[in-house]
Amino acid sequence: MIVLFHLIKRNTLMYLRDKASVFFSFLSVIIIILMYVLFLGKMQSDNLLSAFGNIEGIDWLVSSWIMAGIVTVSTVTVPLGSLATLINDRYQGKINDFYSSPINRNILALSYLMSSWVIAFFMVMLNMVLGQIYVLMNGGELFTLLQLFKMVGLILVSIMSFSSFFFFLSMYMRTPNSFGLLSTLVGTFVGFLGGIYIPIGVLGNTVQSVMNVFPTAHSVTLIRRVYMEGAISKVFDGATQEAYDSYANIYGLNVYVGNHEFTSFEMFLSLFLFGAVFYILSVWKLSKSKL
């Protein structure tokens with residue numbers, strides 16, 4: 001355990017020292033913030049005002065929706081960026097030094113995976129704190145204690161799930177260039193797959209069903225439901241169920257594949273199983289070859 005702790009500490013410090021990796025881990029988040037500050041946030045507020053009138057809490061609702069998406073994107077991109085340490089160690093031959101030491105190969109592999117959990121958790125929590133400040137600036141309220149516990153749980157499950165997936169993929173990558181290509185592709189598409197750049201409800205049913213199969217849609221929906229709970233209660237207090245359903249379907253608070261609507265439990269289970277499957281595949285891959 002002491003060896004594992006020191007390896008995790010070493011990998012974490014290596015990531016934090018690489019300013020480029022840290023920056024690109026948050027590139028998608030920066031793009032989303034700029035898009036909403038410049039024009040998308042105002043467009044969404046104007047659409048809601050035209051649909052529901054000048055109801056108190058609209059700015060809180062929009063800012064919560066945006067921040068929930070940013071938190072979700074962070075649970076995807078930060079674990080991926082933190083695994084650059086593994087790729088660099090392998091490419092530079094540093095990992096051979098570990099092989100020549102008495103460190104167990106499985107402990108070594110686990111240190112890379114667990115360091116991605118640690119890095120992502122603290123970075124995403126920092127995002128969430130900054131997001132709460134932004135929500136307060138837009139007339140919102142802080143999480144209740146129960147909401148905070150729910151958010152921490154969902155963040156942990158999302159981080160572990162996506163970390164396991166990217167850890168499995170990273171074992172097939174041998175150069176920083178190939179890993180950089182993967183990071184670029186993920187950073188480009190994660191906002192679309194999570195219905196963050198464009199509300200998923202404005203797309204066709206077929207496209208929606210395809211997007212809703214991906215775990216990013218389940219993660220962002222679960223996080224939105226908790227993050228936006230207070231804003232939704234305020235804005236839709238006294239509104240009809242049809243008005244809320246219309247909003248929820250457009251802005252990704254409901255997830256459908258065909259005619260089936262996923263419950264929160266089903267989405268949580270699918271996210272958990274997604275991570276578990278790729279963790280098992282990673283263990284299998286490790287048993288067949290070197291890291």
Asks: Any side-chain heavy atom of Phe149 sitting closer than 4.5 Å to one from Leu145?
Replies: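 Phe149 reaches Leu145 side chain to side chain.
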
Asks: Using every non-hydrogen atom in the two residues, find where Glu261 and Asn254 come nearest and quote the distance to one decimal.
Replies: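 Where Glu261 meets Asn254 most closely, the heavy atoms are OE2-OD1, 3.4 Å.
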
Asks: Any chain of hydrophobic side-chain contacts (each under 4.5 Å) joining Val283 to Met114?
Replies: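 Yes: a chain of side-chain contacts under 4.5 Å links Val283 to Met114.
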
Asks: Measure across Ser64 and Val135 and return the closest heavy-atom pair with its distance rounded to 0.1 Å.
Replies: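 Heavy atoms of Ser64 and Val135 come nearest at OG-CG2, 4.1 Å.
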
Asks: For Phe265, is the CZ atom crowded, meaning more than 12 foreign heavy atoms sit under 6.0 Å from it?
Replies: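 12 or below, so no.
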
Asks: Quick one: does any side-chain atom of Ser209 pair with a main-chain N or O of Gly258 as donor and acceptor, under 3.5 Å?
Replies: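 Judged by distance alone, yes, a pair lies under 3.5 Å.
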
Asks: Assess the residue pair Tyr256 and Phe262 against the criterion (ring-ring contact (aromatic ring centres under 6.0 Å, His included)); give the C-alpha distance rounded to whole Å, side-chain angles, the decisive distance to 0.1 Å, and a yes or no.
Replies: CA-CA 6 Å; Tyr256 289 90; Phe262 280 82; 9.1 Å; no

Asks: Taking Ile107 as the starting point, is it possible to reach Leu86 by hopping between hydrophobic residues whose side chains are less than 4.5 Å apart?
Replies: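 Looking at the clustering, Ile107 is in the same group as Leu86.
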
Asks: With a 3.5 Å distance limit and no angle check, can you tell me whether Ser183 reaches the backbone of Phe179 through a side-chain donor-acceptor pair?
Replies: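 Such a contact is found between Ser183 side chain and Phe179 backbone.
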
Asks: Side chains of Tyr251 and Met228, heavy atoms from C-beta outward: is any pair under 4.5 Å?
Replies: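 No, side chains not in contact.
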
Asks: With a 4.5 Å heavy-atom cut-off, do Arg225 and Met267 have their side chains touching?
Replies: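 Touching, per the 4.5 Å side-chain cut-off.
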
Asks: Go through Leu281 and Val277 one step at a time and tell me if the side chain to side chain contact (heavy atoms under 4.5 Å, CB included) criterion holds.
Replies: CA-CA 6 Å; Leu281 287 174; Val277 166; 4.1 Å; yes

Asks: Does the side chain to side chain contact (heavy atoms under 4.5 Å, CB included) test come out yes or no for Ser163 and Tyr279, once each step is laid out?
Replies: CA-CA 9 Å; Ser163 294; Tyr279 180 80; over 6 Å; no

Asks: Assess whether side-chain hydrogen bond (donor to acceptor under 3.5 Å, both in side chains) is satisfied between Glu266 and His260, documenting all intermediate values.
Replies: CA-CA 11 Å; Glu266 289 172 334; His260 176 71; 3.1 Å; yes

Asks: Show the numbers, then the answer: is there a side chain to side chain contact (heavy atoms under 4.5 Å, CB included) between Val76 and Leu80?
Replies: CA-CA 7 Å; Val76 178; Leu80 174 60; 6.0 Å; no

Asks: In the single-linkage hydrophobic clustering (I, L, V, M, F, W, Y; side-chain heavy atoms under 4.5 Å), do Val213 and Ile200 co-cluster?
Replies: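 Yes, Val213 and Ile200 fall within the same hydrophobic cluster.
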
Asks: Please report the shortest heavy-atom distance between Ala68 and Ile223, naming the atom on each side.
Replies: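 Where Ala68 meets Ile223 most closely, the heavy atoms are O-CG2, 3.8 Å.
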
Asks: For the pair Ser115 (side chain) and Thr12 (backbone), establish whether a donor and an acceptor sit closer than 3.5 Å, ignoring hydrogens and angles.
Replies: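 Not a single qualifying donor-acceptor pair exists.
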
Asks: Measuring from Arg10:CZ to Phe5:CZ, what's the distance to the nearest 0.5 Å?
Replies: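 Arg10 CZ to Phe5 CZ: 15.0 Å, rounded to 0.5 Å.
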
Asks: Verify, without hydrogens or angle tests, whether Thr221 (side chain) and Gly252 (backbone) share a donor-acceptor contact under 3.5 angstrom.
Replies: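 Present.
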
Asks: In Å, rounded to the nearest 0.5 Å, how long is the span from OG of Ser233 to CG of Asp237?
Replies: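 That separation rounds to 8.0 Å.
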
Asks: Is it the case that Ser161 and Ser158 place a side-chain donor and acceptor less than 3.5 Å from each other?
Replies: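 Side-chain D/A pair, Ser161 to Ser158: absent.
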
Asks: Checking side chain to side chain contact (heavy atoms under 4.5 Å, CB included) for the pair Met14/Lys94: CA distance, chi angles, key distance, verdict?
Replies: CA-CA 13 Å; Met14 290 292 291; Lys94 293 180 181 178; 3.8 Å; yes

Asks: Just by modelled atom types, is the Asn212 backbone N or O under 3.5 Å from a matching donor or acceptor in the His218 side chain?
Replies: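 Yes.
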
Asks: Using every non-hydrogen atom in the two residues, find where Pro79 and Ser116 come nearest and quote the distance to one decimal.
Replies: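 For Pro79 and Ser116, the tightest heavy-atom pair comes out as O-CB, 4.0 Å.
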
Asks: Report yes if some heavy atom in the side chain of Ile70 is under 4.5 Å from a heavy atom in the side chain of Met128; otherwise report no.
Replies: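 Heavy-atom side-chain distance check fails, nothing below 4.5 Å.
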
Asks: When you compare the side chain of Thr72 with that of Thr216, does any pair of heavy atoms fall below 4.5 Å?
Replies: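 Thr216 vs Thr72: side chains apart.
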
Asks: Hey, are Ser74 and Asn127 close enough side-chain-wise for a donor-acceptor pair under 3.5 Å?
Replies: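 Note: Asn127 and Ser74 side chains meet the donor-acceptor criterion.
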
Asks: Supply the atom-to-atom distance Leu146 CG to Met151 CE, rounded to the nearest 0.5 angstrom.
Replies: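 It is 12.5 Å, given to the nearest 0.5 Å.
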
Asks: Out of curiosity, Leu142 CG to Ile133 CD1, how far, rounded to the nearest 0.5 Å?
Replies: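 Those atoms lie 9.0 Å apart.
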
Asks: How long is the gap from OG on Ser164 to CD1 on Ile159, to the nearest 0.5 Å?
Replies: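 The CD1 atom of Ile159 is 11.5 Å from OG of Ser164, to the nearest 0.5 Å.
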
Asks: Looking only at non-hydrogen atoms, find the nearest pair between Val226 and Lys150 and report the distance.
Replies: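 Result for this residue pair: CG1-CB, 3.9 Å.
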
Asks: Pick out which of Phe143, Tyr134, Trp60, Trp65 makes a ring pair (Phe, Tyr, Trp, His ring centres under 6.0 Å) with Tyr227.
Replies: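 So the option named by the test is Phe143.
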
Asks: Check each of Trp284, Phe166, Phe168, Phe167 against Phe278 using the ring pair (Phe, Tyr, Trp, His ring centres under 6.0 Å) test, and report the only one that passes.
Replies: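 With Phe278 as partner, ring pair (Phe, Tyr, Trp, His ring centres under 6.0 Å) holds for just one option, Phe168.
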
Asks: Supply the atom-to-atom distance Asn177 CG to Leu182 CG, rounded to the nearest 0.5 angstrom.
Replies: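 One finds 12.5 Å between CG of Asn177 and CG of Leu182.
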
Asks: Using side-chain heavy atoms (C-beta onward) and a distance below 4.5 Å, is Val207 in contact with Met211?
Replies: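 Sidechains of Met211 and Val207: in contact.
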
Asks: Hey, quick one: are Val73 and Phe122 part of the same hydrophobic cluster, counting side-chain heavy atoms closer than 4.5 Å, chains of contacts allowed?
Replies: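 Per the 4.5 Å side-chain linkage, Val73 and Phe122 are co-clustered.
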
Asks: Quick one: does any side-chain atom of Arg90 pair with a main-chain N or O of Met173 as donor and acceptor, under 3.5 Å?
Replies: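 Yes.
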
Asks: Would you indicate whether the side-chain heavy atoms of Phe236 and Leu61 approach each other to under 4.5 Å?
Replies: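 Yes - at least one pair of side-chain heavy atoms lies under 4.5 Å apart.
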
Asks: Tell me which one of Leu113, Ile119, Leu16, Thr77 satisfies side-chain contact (heavy atoms from CB on, under 4.5 Å) with Ser82.
Replies: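 Result for side-chain contact (heavy atoms from CB on, under 4.5 Å) with Ser82: Ile119.
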
Asks: Do Phe274 and Val257 land in one hydrophobic cluster if side-chain heavy atoms of ILVMFWY residues count as linked below 4.5 Å?
Replies: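 Yes.
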
Asks: Any idea which heavy atoms bring Ser178 and Thr175 closest together, and the distance?
Replies: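 Closest approach of Ser178 to Thr175, heavy atoms only: OG-O, 2.8 Å.
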
Asks: Going by heavy atoms in the side chains, are Met125 and Val129 under 4.5 Å from each other?
Replies: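 In short, these two side chains do not touch, never coming nearer than 4.5 Å.
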
Asks: Checking side chain to side chain donor-acceptor pair (under 3.5 Å) between Tyr112 and each of Asn11, Thr85, Asp89, which is the one that passes?
Replies: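 Single pass found, and it is Asp89.
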
